[in-house]
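One structure below.
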Amino acid sequence: MKTLRHSIVEEDLNRIVAADLPWSDLDGATILVTGASGFIPAYMVETLLYLNERKIMAKPIRVLALVRNRQEAGKRFAAYEGRTDLQFVVQDVSEPLQIKEPAHYLIHAASQASPKHYAPDPAGTFKPNVIGMYHLLEHARTLGTRGFLFLSSGEVYGKFESTPAEPISEAQYGSSDPLELRSCYAEGKRAGETMCKAWAHQYGIPTRVARLGHTYGPGMRLDDGRVYADLVANIVRNQDIVLKSDGTALRLFCYLADAVVGLFTVLLKGENATAYNVMNDEGEIRIGDLADLLCRLFPEKGLKVVRPGAETTSKHAVWNSGFPVSMQKVRALGWSPSTSVESGFQRTILFYEAQKAFPAQASSVVKRSKRSRDFSAGTSLGKVQIDGSSSSVLQEDLARILAQTEGLWEDLRGQSIFVTGGTGFFGRWLLESFARANNALQLGAHMVVLSRNPEKLEAAAPDFYADPAIRFVRGDVRTFTTEKVRSQLGSAAPAKFRFVIHAATEASAKLNAENPLLMVDTIVAGTRSALDFAVASGARRFLLTSSGAIYGAQPSEMTHVAEDYVGGPDSTNANSAYAEGKRLAELLCACYQKQHGLASVITRCFAFVGPFLPLDTHFAIGNFIRDTRAGGPVRIGGDGTPYRSYLYAADLVVWLWTILLKGRPARAYNVGSAQDLTIAELAHAVRAALDPAVEVMIAKKAEPAAVPSRYVPDVTRAASELGLRETVGLTEAIQRTARHQS
């Protein structure tokens, strides 16, 4: 039942269903959602379907999606076409309901929500909140329900003549002119709330009310006239932002995924006949400042904010949504928003950048182009049909990383980090993610990177050399010293490097086979140099990127190797140079921790896929992607029976930063995917993801009695101690890697 979604939506859904809510209350439930193809309710529908996909329910949920336009709903839910757990009910909610079966839960979200549409259709704005509410409450009264949720609005608070002394609670109200045309929305919501209270009191219907504020995120319409949608549209269109006001108006912005968690919190944990503010009291920002922020988030676009003598902000709004609101009641249920304005709007814009969907409402489905995309000039290469450029893949991944690690970065505020191996696969991802977080969160942190060949990275990523927070020093990892580093930095050398990441090791099968002495020397002497540097620099924590190779051959009866396995490589075989070098490096970390008190954490890394992965070395998945891009065949040099697993690069870097900052000292953590498959299955997975027409060729026939080798980690420790998990499946990982390389 796996559905292809945009990565940001997939991540949002993961976070929503991970919320501490009694999801089991929905086991086997039929849930009616009105206005189901709208911005917020559509995400609620997707959440319910995702609960089924993740098999979180003992019995699957059945969703009845009430919509007025079946064609538009089909576009919005194209990824779910043909699913038995989603049924469309096509009608206007203001008409008597066609549904003659009970719904265990009703979510009433059908309503016009954009001021752009109030004036031309005030009756159509009013009717679903009152007449539609009547039909739904009567349906619940007649057939029964466990819970009824009404999506209301902060506009019910009306106008306040002056700023309230305290944040606006659910019991405070200003004035409202019922004869003002724009009041069709606010008065409709007020009446709907009153009806919820009346039917709860008189008939015992378990109603709950959620008052939403300015909610934004993937799928919102960019052409609905609201100022923040206009600002996002400007960025997506690569247009300068021209403010039509002085930009001083304050607004409270709540990211869609946070709001959806809040709505389900109210439905499943709220008190009957009670209203809750589901807003973000920490998401306050002036419109002018938001415009500046959006331009800063995407400096590569070179956009600016134009203020052509704008007039003072209009005061026509029914509710001054810049006033602070009280979140006390909803926080008591255990919910509070967690996405910053910076992160939320960045995620939203990246979603639209990849979707290429302006101005229509974007689906969360990854769109496919009508014709195949060539990966290199002059060659017809496969059938990867995913919209977007390589830069969009990287930007989406960096947004994903920042969203998952946002709470970690405070430990790095104002600190200096030293990294070895900054031009390798791991190092490049560490630099990219650090640069994004440092700029987005204004950490004031600095990174110094040791490299034998800084020019290599300068040619590939010149932006790093323009970033004043990142400096490069030249040196060999085996022989560099504190004095050599500081002499190159001169007056820019920080007093201390609080964090040291040692990622410099050439994981080269060729070097291991041809020059095992150099391999051992690079690993052991390099680790010793990095540890000496860390001690001399007053480092608080040291991260060693080790390898799953330290376990040696994985026993055939062991499907996943855990950190407490004490086996090892064959020390009499020169081919064990890499593995034994890593074992010695880990031992050095233990010695330095005991002798110098240096808090060291170790990542035992397995196999990975993602942007920057070389496609022309010994990495099987890279070779298979290369072969498929070239039109095939996909060649397997062996018999295809060994088992491997692959973690996507964006997940990898989340794990590395988390382990560095939160991992227990003197402890090793496996880093990789637990989803194993054979090399032959991997080749077919790459072919299926990129071009089903190519051929897979296996060089050798498997021996019937042979026991396949395995190289698959048990990642229980990382999950249980640090909450780390895999968020990108293999198919998407393959497609994103290929798309970046195009």
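These values consider heavy atoms only, across backbone and side chains, with no hydrogens, waters or symmetry-generated copies. Along the sequence shown, residues carry numbers from 1.
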Check whether any side-chain heavy atom of [X] sits under 4.5 Å from a side-chain heavy atom of [Y], and report yes or no.
X    : Y    : result
V728 : R400 : yes
Y43  : V9   : yes
L267 : F264 : yes
T34  : P41  : no
V671 : F608 : yes
I734 : I621 : yes
V33  : L66  : no
T30  : V63  : no

Check whether any side-chain N or O of [X] sits under 3.5 Å from a backbone N or O of [Y] as a donor-acceptor pair, and report yes or no.
X    : Y    : result
Q346 : L350 : no
H108 : P128 : yes
T678 : T641 : no
N277 : M279 : no
H135 : S94  : yes
W23  : A18  : no

Does one side chain, of [X] or [Y], offer a donor that lies under 3.5 Å from an acceptor on the other?
X    : Y    : value
N670 : R717 : no
R190 : S152 : no
W199 : T207 : no
W429 : S433 : no
Y551 : R604 : yes
E10  : Y50  : yes

Are [X] and [Y] ion-paired here, with the side-chain N under 4.0 Å from a carboxylate O?
X    : Y    : answer
R83  : E53  : yes
E732 : R739 : no
D676 : R644 : no

Distance, nearest 0.5 Å, that separates [atom1] of [X] from [atom2] of [Y]:
X    : Y    : atom1 : atom2 : answer
I679 : F624 : CD1   : CZ    : 5.5 Å
L212 : N280 : CG    : CG    : 12.5 Å
M133 : S111 : CE    : OG    : 10.0 Å
F345 : T339 : CZ    : OG1   : 11.5 Å
C605 : L656 : SG    : CG    : 5.5 Å
M195 : I205 : CE    : CD1   : 12.0 Å

When you look at CD of E271, are more than 12 heavy atoms from neighbouring residues, nucleotides or ligands closer to it than 6.0 Å?
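Not buried by this count: 12 neighbours or fewer within 6.0 Å.
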
Is the count of non-hydrogen atoms from other residues, nucleotides or ligands lying under 6.0 Å from Q71 atom CD greater than 12?
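Open.
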
Criterion salt bridge (Lys or Arg N to Asp or Glu O under 4.0 Å) on E193 and R211, from CA distance to verdict
CA-CA 10 Å; E193 289 193 16; R211 292 173 180 164; 2.6 Å; yes

Could you walk me through whether R76 and E46 satisfy the salt bridge (Lys or Arg N to Asp or Glu O under 4.0 Å) test, starting with their C-alpha distance in whole Å, then the side-chain angles of each, then the deciding distance to 0.1 Å, before giving a yes or no?
CA-CA 10 Å; R76 178 60 183 83; E46 288 199 86; 2.9 Å; yes

Going through the checks in order, is the side chain to side chain contact (heavy atoms under 4.5 Å, CB included) test met by K269 and Y276?
CA-CA 11 Å; K269 299 174 73 174; Y276 296 87; over 6 Å; no

Among R54, Q404, E726, the one residue meeting side chain to side chain donor-acceptor pair (under 3.5 Å) with N14:
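The single option meeting the side chain to side chain donor-acceptor pair (under 3.5 Å) with N14 is R54.
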
The test is side chain to side chain donor-acceptor pair (under 3.5 Å); show your working for D397 and Y648 and say whether it passes.
CA-CA 10 Å; D397 286 343; Y648 187 59; 2.5 Å; yes

What residues, two or more places apart in sequence or in another chain, satisfy salt bridge (Lys or Arg N to Asp or Glu O under 4.0 Å) together with E170?
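For E170 there are no salt bridge (Lys or Arg N to Asp or Glu O under 4.0 Å) partners, ignoring immediate neighbours.
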
Sole candidate of K75, R70, R68 that passes salt bridge (Lys or Arg N to Asp or Glu O under 4.0 Å) when paired with E72
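Looking at K75, R70, R68, the match for E72 under the salt bridge (Lys or Arg N to Asp or Glu O under 4.0 Å) is K75.
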
Contacts of type side chain to side chain donor-acceptor pair (under 3.5 Å), residue R347, not counting sequence neighbours
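Expected list: E11, D12, Y255.
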
Search all heavy atoms of [X] against all heavy atoms of [Y] and return the closest pair with its distance.
X    : Y    : result
A689 : T731 : CB-CG2, 4.0 Å
G672 : V715 : O-CG1, 3.4 Å
P206 : R208 : O-NH1, 3.1 Å
A683 : V696 : CB-CG1, 3.9 Å

Geometric class of the F253/H214 ring pair [parallel <30°, tilted 30-60°, perpendicular >60°]:
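Ring orientation of H214 relative to F253: tilted.
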
Given L106 and F150, is the side chain to side chain contact (heavy atoms under 4.5 Å, CB included) satisfied, shown in steps?
CA-CA 8 Å; L106 291 93; F150 177 42; over 6 Å; no

With ring pair (Phe, Tyr, Trp, His ring centres under 6.0 Å) as the test, would you mind laying out the steps for F606 and Y646 before giving the verdict?
CA-CA 8 Å; F606 281 71; Y646 295 88; over 10 Å; no

What about the rings of Y643 and Y711, do their centers lie closer together than 6.0 Å?
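No - the distance between ring centres of Y643 and Y711 does not fall below the 6.0 Å cut-off.
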
Between L26 and I31, is the side chain to side chain contact (heavy atoms under 4.5 Å, CB included) condition met? List the steps.
CA-CA 9 Å; L26 304 179; I31 303 175; 4.1 Å; yes

Do any side-chain atoms of residues 328-335 form donor-acceptor pairs under 3.5 angstrom with protein atoms, and if so which ones, sequence neighbours left out?
from	atom 1	to	atom 2	distance (Å)
K329	NZ	A275	O	2.8
R331	NH2	D281	OD1	2.6
R331	NH2	D281	OD2	2.9
W335	NE1	D258	O	3.0

Show your working on side chain to side chain donor-acceptor pair (under 3.5 Å) between E721 and Y669 and close with a plain yes or no.
CA-CA 10 Å; E721 292 186 9; Y669 294 87; 2.8 Å; yes

